[in-house]
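Following: one structure in structure tokens, then a few remarks.
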Number of protein chains: 2
Amino acid sequence: ENILEGKPVIYRQITVPQPGGVEYCTDSGLVVPSVTYDLHKRLLSMAERSGLTLERRLEMTGVCASQMALTLLGGPNRLTPKNVHQRPTVALLCGPHVQGAQGVSCGRHLANHEVEVILFLPNFVKMIEAITNELTLFNKTGGKQVSSIKDLPESPVDLVINCLDCHENAFLRDQPWYRAAADWANQNRAPVLSIDPPVSGQDQAVEAKWSLCLGLPLSLAEGAGRVYLCDIGLPQQIFQEVGISYHSPFGCKFVIPLHSS
Amino acid sequence: ENILEGKPVIYRQITVPQPGGVEYCTDSGLVVPSVTYDLHKRLLSMAERSGLTLERRLEMTGVCASQMALTLLGGPNRLTPKNVHQRPTVALLCGPHVQGAQGVSCGRHLANHEVEVILFLPNFVKMIEAITNELTLFNKTGGKQVSSIKDLPESPVDLVINCLDCHENAFLRDQPWYRAAADWANQNRAPVLSIDPPVSGQDQAVEAKWSLCLGLPLSLAEGAGRVYLCDIGLPQQIFQEVGISYHSPFGCKFVIPLHSS
């Protein structure tokens, strides 16, 4: 056992074929390279093909993102039976895409934990199935859904969760609902958590205090704030199948902070 | 605000139409009644009908059960980059049913976190789909699958996870693979975590140190050890639809200890 303990620690346990431009490291010094959006997309489609379906990933992302949000809201100090009359309020801003569905899943888990959740989602005649499924479940919580910015609170909420952006349709940002929601978030003085924000290169319409990346980080813009990484349940071999050599940087956690190295 | 703070705390926030016989309470004193197996089953089938599919519940149960197991294994002290040569070993004993599938999901998440997982699952020609889907994913981790007790380690492992039992087929216990696995677990000196064990009334073939109930607790046998409750993501209205008046007892956690009151 003593001989084993003497072995040097290897800090570079993840190597990627298409580095995304930045390298992060964990609290314990493990190197986590960023990946390009293209590689990230291939990773997720490999997951899908292996049976780690979008539905599963939505559930896991919702759980882990809500665990992070509950910590940001004050954790056990804030959510005790004695504080039941002062429940924290979260405004959840979602666009009509997978990132929005991830947000709705997170919102359901928060509402399940007695957080006051107000979900903003613009009105569209037809939504993708991932969104409608999540909405059906969300609407069985005590959470509230609104489609107009006017129905969002005027006073500062405890936390804004931003899921307005998707990775491929930057033109969404020109739509009136997007601008209205981004303006509302910037005027409300609450800190912002962005879930799965797009790579840098585009301006951040809403400046975040924290950003949560899924699986492996993209190279995020400055306005993304402090970067966190969320485990989305991908087995090692799925990483290998897209050319990534991978050992988990998570230790016993499912959400970890990353630092620019 | 001061007036609100003065309101008395209500500790009985969950009431059930078919009490299961025992009442538990949380660390903060909230009362959590047990339910009958029949009511628990109706709760899960209502979840299924609402779109909270078995696949989703398997993912969430796997994540939360693995979070509990990682804590039992020593958490951040045990799983650091410096301890990589002394990874904890978990033996996971699964039967060919939904409870087994829950175990395999938990095993995948543990293996994803660099735990050495050895999954025992007896050989059957045909398995339920939930099991085969979980196995496909598990077999993409570094975990090992065995179908013979002879291939389980002889020396004590760090933790045994018991998912041999299901709620309805008590006769499984007479099968040779079940008896062999139970004997192995009782001979190995590792502590046992049971996930989703059946109600009391049947003898526990394997004595557990901890038992994890899903959603709401059943009334468990003495041999179930310390009882924990796992959030499985059910919105309030799903509880209401089967006649349960419900407020979350979880606070900011997803797995909480329950105490006999």
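Just so you know, these numbers use all the heavy atoms, side chains as well, and skip hydrogens, waters and symmetry mates. Here is the naming used below: chain letters follow the sequence lines, and residue numbers restart at 1 for every chain. Note that the structure is predicted; figures quoted are calculated from it, not measured.
The residue among B/Gln236, B/Lys253, B/Gln13, B/Glu55 with the most heavy atom pairs within less than 4.5 Å of chain A is B/Glu55. Among A/Glu134, A/Arg56, A/Glu59, the residue making the largest number of heavy-atom pairs under 4.5 Å with chain B is A/Arg56. Listed options A/Leu234, A/Val115, A/Ile238, A/Leu58 were ranked by heavy-atom pairs under 4.5 angstrom with chain B; first place goes to A/Leu234. Considering only heavy-atom pairs separated by less than 4.5 Å from chain B, the leading option among A/Val63, A/Val9, A/Leu137 is A/Leu137. Taking chain B as the reference chain and counting heavy-atom pairs below 4.5 Å, the highest number among A/Arg78, A/Arg57, A/Glu114, A/Glu241 is found for A/Glu114. When each of B/Gly62, B/Gly75, B/Gly74 is scored by its heavy-atom pairs under 4.5 Å with chain A, the top score falls to B/Gly75. The greatest number of non-hydrogen atom pairs below 4.5 Å with chain B, out of A/Thr71, A/Thr53, A/Leu73, is found for A/Thr53. Counting heavy-atom pairs closer than 4.5 Å to chain A, the top residue among B/Asp231, B/Asn112, B/Leu70 is B/Asn112. The candidate from A/His247, A/His113, A/Gln237 with the greatest count of non-hydrogen atom pairs under 4.5 Å with chain B is A/His113. When each of B/Gly142, B/Pro81, B/Ser28, B/Gly51 is checked for heavy-atom pairs under 4.5 Å with chain A, B/Pro81 comes out on top. Most heavy-atom pairs under 4.5 Å with chain A, from the set B/His109, B/Met60, B/Gln67: that is B/Gln67.
With a threshold of 4.5 angstrom between heavy atoms, A/Asn139 approaches chain B through N, CA, C or O but not through any side-chain atom. Only the side chain of A/Thr136 comes within less than 4.5 Å of a heavy atom in chain B; its backbone stays farther off. Neither the backbone nor the side chain of A/Leu110 comes within contact range of chain B, judged by heavy atoms closer than 4.5 Å. Residue contact with chain B, scored on non-hydrogen atoms closer than 4.5 Å, involves the side chain of A/Leu30 exclusively. Only the side chain of A/Tyr11 comes within less than 4.5 Å of a heavy atom in chain B; its backbone stays farther off.
Within the 3.5 Å criterion, the main-chain N or O of A/Pro235 finds no donor-acceptor partner in the side chain of B/Arg108.
When every heavy atom of A/Cys252 is checked against every heavy atom of B/Leu79, the shortest pair comes out as CB-CD1, 3.9 Å.
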